[in-house]
Number of protein chains: 2
Amino acid sequence: MKPGKEVTIYDIAKKLNISPATVSRGLQDNPAISKKTRKRIFDMADELGYRTNHYARNLRQSQTNTIGVLVHELNSNFITSVLAGIEKITTEAGYDLLIAHSSESAVKEAANARNLFHKRVDGLIASLAFDTTSLDHFKPFKEKGVPLVFFDRVEQDADNTVVIIDNAKCGYIATQHLIEQGCKKIVHVTASLKRNVYAQRYKGFRDALHDHGLKFEESQLIVNDLSEKAGVEAALRMLKMKPMPDGIFITNDFVSAVCMRTLKENGLRIPQDIAVVGFNNDAIGNLIEPALTTINYPGIDMGEIAARNLINHLKGISDIHQTNTIIVRSELIIRKSSLRKPV
Amino acid sequence: MKPGKEVTIYDIAKKLNISPATVSRGLQDNPAISKKTRKRIFDMADELGYRTNHYARNLRQSQTNTIGVLVHELNSNFITSVLAGIEKITTEAGYDLLIAHSSESAVKEAANARNLFHKRVDGLIASLAFDTTSLDHFKPFKEKGVPLVFFDRVEQDADNTVVIIDNAKCGYIATQHLIEQGCKKIVHVTASLKRNVYAQRYKGFRDALHDHGLKFEESQLIVNDLSEKAGVEAALRMLKMKPMPDGIFITNDFVSAVCMRTLKENGLRIPQDIAVVGFNNDAIGNLIEPALTTINYPGIDMGEIAARNLINHLKGISDIHQTNTIIVRSELIIRKSSLRKPV
DNA sequence: CTGAAAGCGCTAACAC
DNA sequence: GTGTTAGCGCTTTCAG
């Protein structure tokens, strides 16, 4: 193995006195090649330390065997689970992953989309940033016929395939649970209502209040950016309300934990004074006190489903445009933060 | 823009009545091309919706402009910070990232290394899995002259560049802090001592005990896999010790949180009965009760440093083999979980 | 400042 | 079952 010099199929061909085409076929397990030759090819490849030049192959085949993944952040349990699911499926199918994250910025998201497009991904799986409103940056993909699958944070128009949970239902059952625990004034802490997930959860929240004859005032809705600072502020704001809320439904477990901390620091008891329900079922929920009631939904499944749909489409097994919306199961996990009555 | 047909530099050249070579040079801001021509080229490229074919370019230049990153897991704050740091630097320098994670399995790590090698990354940044002992899977990189940088979990032999913190010192100050708080029997919960980070922290722990005249028994060392289950077991084991420890130094914040939960469930008060110090400064430490004393070290800086070193080497600005070990600062963050005396 | 031409390593018609 | 050949899109000498 001379350093610096790459082994090519020509080297293998020469050593074996066969043609490069045969080597190429052999390496791909083409059935037209006899068992013996194939074995000789593989052995020689090993011996010489051959490695495929993916760039030559991709150039030739004009397809990259790469799937782009566009997410808002990497730092949540949920996202890493989704990634794990995607990775499992794509790896099995022999695709590479190019992962980009937008740090919740629509501008960076557009830049990443452009980059992935220029990298010629065969398909794209994406979850949108907070403030993404237009889907223009995905247009090039559509024009080139590169299939798109959105998950979780999506924009639902006619021709996107989306993998989501029933956020409205989740919002409803979370709120209903609080009502069943005796809460009369429930505050909802969430992020920009322009984003489907938050809009839907809010809708569920409102519907549940309405169906149970509870009234709603604007002050019961707190919209922020789900940061630690925002969590503290939300809690302080609730402390000043008259009357104070006796239940909170928060759209994210981290912010729930922050809120709870601030409330407890101010002498409130959870769930007696205020019952709390979060969202996502992050590890944190089971470590804080009291343990957090939350909505669980399977990131890994969402990832697998998104990836599988995309790949089946790429392989021509199914057409992605036929399956428009896939809803993944979700459930309420009841823990102490909301439990005022025996179950 | 006809669908399915890619625009190449030949198309641009033809439209402009110049040669493909000129277009290629223009696109790369080659100073040999006049401003006017360059502008015309860019405008036409825009108009036609041209996108570079990276595969053709890489094939031609036989370098990929890609850096591989090999990590044990994605699900920690620390790792995602490192990744953010790496990404910042590599993006600025125009490199792509190929990220692989080994789920703490040496076997998968080797497979990932092989894959990245076959993908021909120009350089590799890695942090090892728990049970990785041999560095054989990195040999191909060395043989081909592909530069390697290890961070955090490393194997220190002569010719690897490593970016680490002073784990022994951190272990020492964590332990010393507990001693200063009046702890007489301190237990250390950690992972496989084959891994440098854990071995060094343990060394610091032992040194601190020794320097302060405290004796050590084998039972004061608990080695596990840092899972939730392991955290619970560790706590239960300590509850059975006679006498019970009055201080714990745990190598990871998550396990600290789990341990604390179990101890509290069993009626122990923290820090009065047992003082706890963790490691990593994850977000969780500030949300549990009492807030967790821990060691902070800057993942983002480690990522940036690792990436910068690698890239400078690739660009020939500096030689990676000259800088063998880079130590990043770290510090003890004191919170309530360990505070028995006024500061 | 620009053009002509060769070649990076691989695959896929098309032959035989 | 195997060989010949052309070409994927780009960069880069070498010429002018």
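A note on names: the letters A, B, ... follow the listed sequences, proteins ahead of strands, and every chain is numbered from 1.
Environment of NZ in B/K119: crowded, with over 12 heavy atoms of neighbouring residues, nucleotides or ligands closer than 6.0 Å. The local environment of NZ in B/K39 is sparse, with at most 12 non-hydrogen atoms from other residues, nucleotides or ligands closer than 6.0 Å. In the displayed structure, A/K194 atom NZ is contacted under 6.0 Å by at most 12 heavy atoms of other residues, nucleotides or ligands.
In terms of heavy-atom proximity, B/P147 sits nearest to B/L314 at CG-CD2, 3.7 Å.
Heavy-atom distances under 4.0 Å link DNA chain C to no residue of residues 111-119 of chain A. Of all the residues in residues 31-45 of chain A, not one reaches under 4.0 Å from DNA chain C with any non-hydrogen atom.
Residues meeting the side-chain hydrogen bond (donor to acceptor under 3.5 Å, both in side chains) test with A/Q28, sequence neighbours left out: A/S24. Considering only residues two or more places apart in sequence or on other chains, B/F141 meets the ring pair (Phe, Tyr, Trp, His ring centres under 6.0 Å) condition with B/F117.
A donor-acceptor contact shorter than 3.5 Å links the side chain of B/S127 to the backbone of B/F151. Panel note: side chain B/N58, backbone B/H54; a donor-acceptor pair is recorded below 3.5 Å.
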Before giving the answer on salt bridge (Lys or Arg N to Asp or Glu O under 4.0 Å), spell out for A/R153 and A/E104 the whole-Å C-alpha distance, their side-chain angles and the decisive distance to 0.1 Å.
-> CA-CA 11 Å; A/R153 304 231 207 128; A/E104 296 292 8; 2.8 Å; yes
After noting the C-alpha distance and the side-chain angles of A/T64 and A/D122, does the key distance pass the side-chain hydrogen bond (donor to acceptor under 3.5 Å, both in side chains) rule?
-> CA-CA 6 Å; A/T64 62; A/D122 291 338; 3.2 Å; yes
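Look at CG on A/N53: it is 14 Å from C1' on D/dG9, rounded to the nearest Å. Rounded to an integer number of Å, the gap from CD1 of A/I9 to P of D/dT2 is 15 Å. Taking atom CG of B/N17 as the reference point, atom C1' of C/dA4 lies 16 Å away to the nearest angstrom. What separates CG of B/D11 from C1' of D/dG9 is a distance of 10 Å, to the nearest Å. Rounded to whole Å, the distance from OH on B/Y10 to P on C/dA5 is 11 Å. B/Q63 has its CD atom 17 Å from the P atom of C/dC8, to the nearest Å. Atom P of nucleotide D/dG7 and atom CG of B/L59 are separated by 17 Å, given to the nearest angstrom. Atom CZ of B/R57 is separated from atom P of C/dG9 by 18 Å (rounded to the nearest Å).
Toward the 5' end of DNA chain C, the nearer of the two residues B/S62 and B/T22, judged by each one's closest nucleotide, is B/T22. When the nearest nucleotides of DNA chain C are assigned to B/A56 and B/I18 by heavy-atom distance, the more 5′-ward of the two goes with B/I18.
For the pair A/I164/A/T325, a side-chain contact is recorded, criterion being any heavy-atom separation below 4.5 Å from C-beta on.
Within the nucleic acid shown, A/Y55 has no heavy atom closer than 4.0 Å to any nucleic acid atom.
In this model, the phosphate group of C/dG3 is approached by a side-chain N or O of B/S19 to a distance below 4.0 Å at OP1 or OP2.
Note on residues 80-89 of chain B: pairs passing side chain to side chain donor-acceptor pair (under 3.5 Å), not counting sequence neighbours, are A/H101-B/E87.
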Distances under 3.5 Å only, N/O to N/O: pair up the protein atoms with those of nucleotides 12-16 of chain C.
from: C/dA12; atom 1: O4'; to: A/R60; atom 2: NH2; distance (Å): 3.3

